[in-house]
There are 2 protein chains.
Amino acid sequence: MAAEKKTRANGRASRRAILAAALDVFAERGYRGTSLSEIASRVGMTQPGLLHHFSTKEDLLLGVVREHEERTTPDVNSHLDPTHLELREAMEAWASLNEREPVQQLLLTTLSAEAVPDEHPLHEYFVEHYRDYRRRFAATLRRAQKAGVIRADVDVASVAREIIATIDGLRLQWLLDPKKVNLKSALSEYASRVEAELTDPQRELSTR
Amino acid sequence: MAAEKKTRANGRASRRAILAAALDVFAERGYRGTSLSEIASRVGMTQPGLLHHFSTKEDLLLGVVREHEERTTPDVNSHLDPTHLELREAMEAWASLNEREPVQQLLLTTLSAEAVPDEHPLHEYFVEHYRDYRRRFAATLRRAQKAGVIRADVDVASVAREIIATIDGLRLQWLLDPKKVNLKSALSEYASRVEAELTDPQRELSTR
DNA sequence: GTCTATATAGGGATAGAC
DNA sequence: GTCTATCCCTATATAGAC
């Protein structure tokens, strides 16, 4: 353990530092707007030095996204228990986790919009991400429906899509203008309305 | 009218062509991802030739945004009549206008996300845009409330913020995956639920 | 009004020394 | 594992001819 000079397992540390810096820069400036030199200099390294750990820019981006998937705070759906479906509590808990560390949410906002064109390296990833998210959220709602927690006539696929959309849209308004839009209370108020709508036995969905 | 060789009012035509091409490219690749040469070549011109009409890249971006504001299809709020508040019809009409020409919506999605950091040339613009949009939408709802079209206990500011967010979020899902997400029907189903919620006299908003 | 030429800066990636 | 040097490409912007 005392034989090596400088090589060895501080390469691990460098890799971690690079991923952390890259997260910040990709979140702020997107994939196209980011330069490897910027990330490298943030970790006290040169740009070719960085490329020793991630051989291309795209490789680094994928590393950041993979890291995000493993380490990030789970999404709103994962906070839900179908047998109770306390949407408001789940959203508030999730918002609290993100309000202090907005960088993960900024990353998603920035990259998902940038990834709309087919040629973007993350295009397929986000298409699948949203398909999966909608599927999982709808499944949660369906289970809640079978448990009798929400009304039987609710179109769970449509509501799942809507809730995901609203979370994303409120996230954008919050990131742009955090002084005017409070993520936690905005989500909380929204969730209260949705809960009331999904559970109220009086309500009839008019298709007109 | 026959005295001039090549100068004169075909500069107007060039300007218009440049703005049209710039709209497409900025929408697809954002401000940072766009190159002036790409736009110039699309209108059969060189990059310095383009800079004769717009002296900087930022100047061109502002030109595109200004053009968008003047010529674009109005937002959902402008489709609403507070004395009836037919949200579903308004959203369907608006969606129809945009489904055939998604570029304007792509522009908003791309640039609003890119403009989250303060240094972005459109940061202030989008902050103000959303403040104003929320204000106007809330005012419409308030008028509907006074006209007795929607319940008196509705928090119009919160609902306005939510509807705008949902439109944006559904727009992203639609742009990413138009085969799986139909903008018009997604908005229509959402609007039906909101309408029912806002008008149903039975419902009580539980704050728990 | 549009071109060519050019200045100047920055990008990603490779070669090879230490 | 990280550096310097370098290649090659692309970017915005300016100068000046036509």
Side-chain angles (χ1 to χ4, degrees), chain A residues 1-22 24-26 28-65 110-111 114 117 119-122, chain B residues 1-22 24-26 28-64 110 114 117 119-122:
Chain A
M1 278 182 192
E4 315 84 339
K5 297 285 185 294
K6 60 185 175 182
T7 47
R8 218 215 341 12
N10 61 343
R12 298 286 174 123
S14 290
R15 228 190 114 93
R16 262 185 283 116
I18 290 168
L19 282 171
D24 290 347
V25 183
F26 282 135
E28 282 259 335
R29 321 248 322 170
Y31 176 65
R32 295 193 255 261
T34 290
S35 83
L36 295 177
S37 328
E38 166 69 18
I39 298 169
S41 83
R42 288 199 188 198
V43 297
M45 195 181 271
T46 61
Q47 177 253 345
L50 187 158
L51 284 178
H52 173 77
H53 300 275
F54 300 89
S55 56
T56 67
K57 188 184 179 184
E58 189 169 333
D59 187 24
L60 175 56
L61 176 71
L62 298 177
V64 169
V65 171
T110 304
L111 294 183
E114 195 184 36
E119 335 86 56
H120 193 280
L122 293 182
Chain B
M1 271 182 190
E4 314 86 339
K5 298 284 184 295
K6 60 185 174 180
T7 46
R8 218 212 351 4
N10 61 342
R12 297 288 175 121
S14 291
R15 229 189 113 93
R16 262 185 282 115
I18 290 167
L19 282 172
D24 290 347
V25 183
F26 281 135
E28 281 258 336
R29 320 246 327 167
Y31 176 65
R32 296 190 189 109
T34 290
S35 83
L36 295 177
S37 326
E38 166 69 16
I39 298 168
S41 82
R42 288 197 188 199
V43 296
M45 195 181 274
T46 62
Q47 178 253 343
L50 186 157
L51 284 177
H52 173 76
H53 300 275
F54 299 89
S55 57
T56 68
K57 188 183 177 183
E58 189 170 333
D59 187 23
L60 175 57
L61 177 70
L62 298 177
V64 168
T110 304
E114 194 184 37
E119 334 87 55
H120 194 279
L122 292 182

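Letters A, B, ... mirror the listed sequences (proteins, then strands); counts begin at 1. Being a predicted model, the structure only gives us computed values, none of them experimental. Heavy atoms only: backbone and side chains are in, while hydrogens, waters and symmetry mates are out.
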Just the rounded figure in Å: distance from [atom2] of [N] to [atom1] of [X].
X	N	atom1	atom2	result
B/Y31	D/dT12	OH	P	8 Å
A/R12	D/dG1	CZ	P	9 Å
B/R29	C/dG11	CZ	P	17 Å
A/I39	C/dG11	CD1	C1'	13 Å
A/E38	C/dG12	CD	P	11 Å
A/L36	C/dA13	CG	P	6 Å

Taking only residues at least two apart or on different chains, which pairs with a member in residues 44-56 of chain B satisfy salt bridge (charged side-chain N to carboxylate O under 4.0 Å, His left out)?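 Those involving residues 44-56 of chain B do not exist here.
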Should B/L61 and B/T34 count as side-chain neighbours, where that means a heavy-atom distance under 4.5 Å?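 A side-chain contact is absent here, since even the closest heavy-atom pair is not under 4.5 Å.
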Are any non-hydrogen side-chain atoms of B/I18 and B/F54 less than 4.5 angstrom apart?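 Counting from C-beta outward, B/I18 and B/F54 do come under 4.5 Å.
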Would you give me the side-chain donor-acceptor pairs under 3.5 Å for residues 40-49 of chain B, sequence neighbours excluded?
from, atom 1, to, atom 2, distance (Å)
B/S41, OG, B/E38, O, 3.2
B/R42, NE, B/E38, OE2, 2.7
B/R42, NH2, B/E38, OE2, 3.0
B/T46, OG1, B/G49, N, 3.3

Sequence-distant partners of B/H120, side-chain hydrogen bond (donor to acceptor under 3.5 Å, both in side chains), two or more places apart: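 Residues passing side-chain hydrogen bond (donor to acceptor under 3.5 Å, both in side chains) with B/H120: B/E114.
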Got a sec? Which of residues 50-64 of chain A come in under 4.0 Å of DNA chain C, heavy atoms?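 The stretch gives A/L51, A/T56, A/K57 as the residues lying under 4.0 Å from the strand, ordered by number.
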DNA chain C-proximal residues of residues 40-48 of chain A, any heavy atom under 4.0 Å: A/Q47, A/P48
Look up atom OH in B/Y31 and atom NZ in B/K57, then write down how far apart they are to the nearest 0.5 Å. 5.5 Å
Restricting to non-hydrogen atoms, name the atom on B/V64 and the atom on B/A22 that form the minimum distance, rounded to 0.1 Å.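 Taking every non-hydrogen atom into account, CG2-CB, 3.6 Å.
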Report the residues that fulfil side-chain contact (heavy atoms from CB on, under 4.5 Å) with A/E119, sequence neighbours left out, ordered by chain and then residue number. A/P117, B/E28, B/R29
Is the phosphate of C/dG10 approached by A/S35 (side-chain N or O, under 4.0 Å from OP1 or OP2)? no
